[in-house]
Amino acid sequence: MSANPELLHYLKTRRSVGIGFLKDPGPSAAELAEIIRIGTRVPDHGKLAPWRLVIIEGEARAKIGEKLADIAKANNPALDEASIEVERRQFLPAPLTIGVIFSHRPLAKAPEMEQLLSAGNVCFNLMHASFALGYAASWVTRWFAFDTAAQQMLGAKGGERFVGFVHIGTPTAVIEDRDRPDIGRLVTRWQG
Ligand SMILES: Cc1cc2nc3c(=O)[nH]c(=O)nc-3n(C[C@H](O)[C@H](O)[C@H](O)COP(=O)(O)O)c2cc1C
């Protein structure tokens with residue numbers, strides 16, 4: 001593979017675009033299929049595909065919001081109306097969200113951590129695919145990725161869990177870069 005300046009530029013400058021800045025239009029059906037094909041092309045010890053994807057778009061976004069609001073109220077009956085409205089709107093800003101479920105497949109040579117990392121790679125690769133097609137994206141979890149009732153409502157089955165929700169849409173703002181880690185403090189050379 002020869003050097004690819006465009007790809008290098010992308011890798012050096014890519015920024016997540018917050019959910020509030022992701023609007024219509026979202027990917028078409030054909031583009032979504034492409035995003036999923038690229039997104040699931042990840043390292044996967046044992047070829048287990050220890051992940052599943054849940055597509056959230058259209059009317060499903062508001063329906064899920066109502067259900068999230070119900071679960072949030074059940075968890076905290078004192079929740080005020082403004083906070084309930086936040087839950088109703090969780091999936092409304094972006095036209096499309098892909099929920100990534102980690103689905104552990106027991107196999108001695110591929111410990112759970114390796115499979116979890118493979119699922120995390122799907123999240124990040126879905127972002128790369130979205131950017132490559134001209135969209136922007138953000139990978140978040142939020143409380144409902146850790147709440148059992150919410151996870152079930154969103155599509156996780158027994159033993160499964162969400163590792164992220166990749167929100168995808170057309171960016172409405174250019175996001176400034178954030179501080180990046182001081183690599184010099186994080187990298188050492190092994191000296192025995
Ligand atoms: C697994 C995971 C979960 C995250 N969950 C959230 C979240 O719930 N809320 C949030 O504001 N940011 C969350 N973030 C951070 C966002 O992705 C954030 O936009 C990111 O740090 C921006 O960095 P970037 O521009 O380098 O992509 C999460 C990040 C990861 C890796």
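Note: hydrogens, waters and symmetry copies are ignored here, and every other heavy atom, side chains too, is used. Every value quoted in this text rests on a predicted model; they were computed, and no experiment measured them. Both ligands and their constituent atoms are indexed starting at 1 by order of listing.
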Main chain of Val42, side chain of Asn121: is a donor-acceptor contact present, judged purely on distance under 3.5 Å? no

Would you check ligand 1 and list the protein residues that come within less than 4.0 Å of it by any heavy atom, ordered by chain and number? Arg14, Arg15, Ser16, Trp139, Val140, Thr141, Arg142, Arg178, Arg180

All pairs passing salt bridge (charged side-chain N to carboxylate O under 4.0 Å, His left out) where residues 117-145 contributes a residue, at least two apart: none

Between Phe91 and Phe165, does the ring centre distance come in under 6.0 Å? yes

Tell me whether Leu116 is reachable from Phe124 by hopping between hydrophobic residues (I, L, V, M, F, W, Y) whose side-chain heavy atoms are closer than 4.5 Å.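 Yes, because Phe124 and Leu116 connect within a single hydrophobic cluster, where side-chain heavy atoms sit under 4.5 Å apart.
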
Rest of the hydrophobic cluster containing Met113 (Ile/Leu/Val/Met/Phe/Trp/Tyr, side-chain heavy atoms under 4.5 Å)? Leu117

Taken in chain and number order and not counting sequence neighbours, the residues that satisfy side-chain hydrogen bond (donor to acceptor under 3.5 Å, both in side chains) with Glu114 are His45

